[in-house]
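Below is one structure; the comments refer to it alone.
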Amino acid sequence: MQIKSKFPAWKKKKRKFRIDKDGIKNKLNPVSQSSVATQNGQVNGVVRQNGGQEPKFLNVTAKEKKRIKRRKNKNKRPLLQTEKELLTSTVQMTNGVLKKIQKISLSEPSPPSTSSKPESPQKSPLPRPKTPTGPSPSTSTPVTSVASPSSTSQNRNILRHEPNFDKFDRPQLPIDVVEQQLMYELASHETLIIIGETGSGKSTQVPQLCVRAGLADSGSIAVTEPRRVAAVSLASRVAVEMGTDVGGIVGFHVRFENATTHKTKIEYMTDGIVLRKALISPLLENYSTVIIDEAHERSLHSDVLMCILKKCQEQRRKGKNPLRLIVMSATLQADKFQSYFDNAKVVLVSGRTFPIEVFHVNPKINKSFSSSDYVYNTVICVKHVHLNEPKGHDILVFLTGSEEIEAVAYQLAELNGSLPASADVIMPVPLYAALRPEKQKEAFKKTPQGARKVIISTNIAETSVTIPGVRVVIDSGKVKIKTFEASNRIDVLKVHNVSKAQAKQRAGRAGRDAPGKCYRLYSREDFQKFEIDNMPEILRCNLSATFLELMKLGMKNPHRLQLIDPPETENIDAALLELTSLGAIRPLNSDKSKFALTDMGDVFCMYPVSPDHARVLFHAQKEGCVMEAIKIISAMQTDALFSGGSDSKNDAEVERIRRKFETREGDHITLLKLVLTTNLFFDEKFCNDNMINEQHLKTASMIEEQLKQIAIEQEVPFSTCGNDFTKIRKSLAIGMFLNSCEYDRQEDRYRLMINPAITLKIHPSSCLSRSKPAYIVFSELMKTNDLYALQVTLIDVDWVRPLISEHKKMRTNHLAESAQRIQEITNSAPKRKKAKTE
DNA sequence: TGCATGAAG
């Protein structure tokens, strides 16, 4: 397997981008300006007073505290190193903020609020309840009677679990202004949509409001986040605010890590985890309320979740424990969510970021300007900013991929030679997900004196990480997006223009600590042509895994599915054909437009992998190579295990390492050998010497544990094939038979067996790219400059022939009959335990 | 011959 090379030697020789020393002023002119973020002056509009009605707080006894701690330690797995660091730094930071705020007292408004109205000098022992001074609800129901925590006996029950609540305070947030209104709306609506920009405080405050409104009486409050880091850090922040430990009243649950206990009332979770929970208990009875955070990101999981929760709400409305749903989004396109949720109530919350000046390129002045030269323009723009902006203001540049990023970093470093003596040094810092973790950390280090840090990043810096000290953003306006071509089952990775929302998000990264500037390497006219929002993930991915999960939940006809953005019919049919070919579903005899899960499909659902990978695991039982299949499939779930860039090693060295693990059978067996080796001896030095990404290797081994656990629950015996790799290759071929190819000597390309019109190449990173065997199966098909098969294994054509001919028949309207045959072909596999549900 | 945005279970 070839080692991932970030900036290979052959590229260095023909570098495309040159630096034009005089081009700075001509290329970019900050003529048009606008402000994307507005200062919020209403923040201090609320006078904090002691309402005189606060309930008596009962402290948790020492005994109880010990019990919580014991339970927590028992349940807790060790934290991942990065998450540990993140957790401690967040807590430290929050503590610091809290101390500072208490010192300066409430009379000093925190920036950037401009209100001169002073706070009540008398500090309330409790932040709440306040006298209702915010916007009152229009109805006659008195707010206090709804919102007062002491209004019911159950509320007191919840509140007794909040130890030392009054010890803490936090900076004022825009959401405080609408707190009373929110309390009222929470109590009176089943579904609520909250629109609030970054910094409004909705992610931390709304769940706490729910608890105070008594919603936690009948079950926990679930908060879904699209990212692990968000779930972990929000939980720790809210825990500090509520004066409890993570894992007490506030907890989080992400993959591999569950920091919740029976006491947990607010659970921050990744949306994928909630989806998994729904598969096991479809009505989600443990939760009284589900809050979908960052709904505007339109992640696949959150879209599916909204669809499921709508149904779940209908069901639970009949019972005694109705489900409350809160959808939180940053975009102002509330109407889409509103109409989806039957005209649900919308509450607007203002955001709070520092003002940002936005500059666009003016094409009238820059006649030679072309936005497609964005890499070249980036270098010029950095130089312009570096020579004109105050020293110490760091720059964040958005580009599309590692190759561009490394090229710009290289050129910026060279630029230092031609700078005036008075100028600071430019310190380029690349940042992208595939970068080694220690290299990634460079972006967060303090900039040394006499230097300006220029972080050159992919969209990882848009939402996933926040870099302190950034005052200037340079936005290329481009992003790499993977879309799915359903007709040919191909992933296409292409550079696209960003959306307006995304451009705004990027600009906002300059205003985290102080007022900032954003230079856009495209004209105002171009910007107007951009899409309003990002394309929802559900419209650009393979739907087979999602449909399998939804069928487990009882969906029969995917064409009738009520999603917020329904996928194209062609895409739906492709997923149904794929699932039927894999034997996971079959059309109903009574109604051919409806489908049912097969026994095998039911088993597939249990594994958190795609249906074809699940089928590999399933077939491995018949072949007697379950251990090997689990190892390979888990290694396939992570990104490239071989990585790290070629910066310190020459090409010969890369070749030498690559050969060490190479096998004649293909990349999957190579993966297996690597995993088996690292199982025996695995340390940092070994990973460094062999350019293996330690983090990814750890993830793979955690997935391996997870898959093993599921196999145990399914009562699958752990068979092993020893050195007989034929068995595992056969399992891979049968599981992923849709990806089998035949070599065409004339064309010197491979033809996809299910559709010979499609020809492709083996990706150069594969160990079979040179040997070109007659028949192969691959894990993934990716279209970049050409069509490439990734992760390839040598197969015997007889293994896949019957499956392929059935698949072809299915496409020509023999779906039902062929589905039956597929079942028969597969049913020779040993019987296994039926899944618990249904 | 020639290369991989970002999340998630």
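Below, read A as the first sequence line, B as the second, and so on, with proteins coming before strands; counting in each chain starts at 1.
Each of B:dG9, B:dT1, B:dA7 was ranked by its minimum atom distance to the side chain of A:Arg770; first place goes to B:dT1. Taking only side-chain atoms of A:Tyr788, from C-beta outward, the nucleotide of B:dG9, B:dT5, B:dG2 with the closest atom is B:dG2. Here B:dG2 is the nucleotide among B:dA7, B:dA8, B:dG2 with the atom lying nearest to any side-chain atom of A:Lys761. The side chain of A:Val254 lies closest to B:dG9, out of B:dG6, B:dG9, B:dC3. You'll find that the side chain of A:Glu549 is closest to B:dG9, out of B:dT5, B:dG9, B:dG6.
A donor-acceptor pair under 3.5 Å is absent between the side-chain atoms of A:Arg751 and the main chain of A:Thr759, judged by distance alone.
Residue contacts shown for A:Leu493 include a base, since a base heavy atom lies under 4.0 Å away. Within the nucleic acid shown, A:Asp271 has no heavy atom closer than 4.0 Å to any nucleic acid atom.
Between A:Lys783 and A:Glu485, the shortest heavy-atom distance links the atoms NZ-OE2, 3.2 Å.
Every residue two or more places apart in sequence or in another chain that forms a ring pair (Phe, Tyr, Trp, His ring centres under 6.0 Å) with A:Tyr750 is listed here: A:Tyr743.
Ring geometry for A:Phe618 versus A:Phe604: interplanar angle over 60°, hence perpendicular rather than tilted (30 to 60°).
Each of A:Gln706 and A:Thr400 was assigned the nucleotide of DNA chain B with the nearest heavy atom; the assignment lying further toward the 5' end belongs to A:Thr400.
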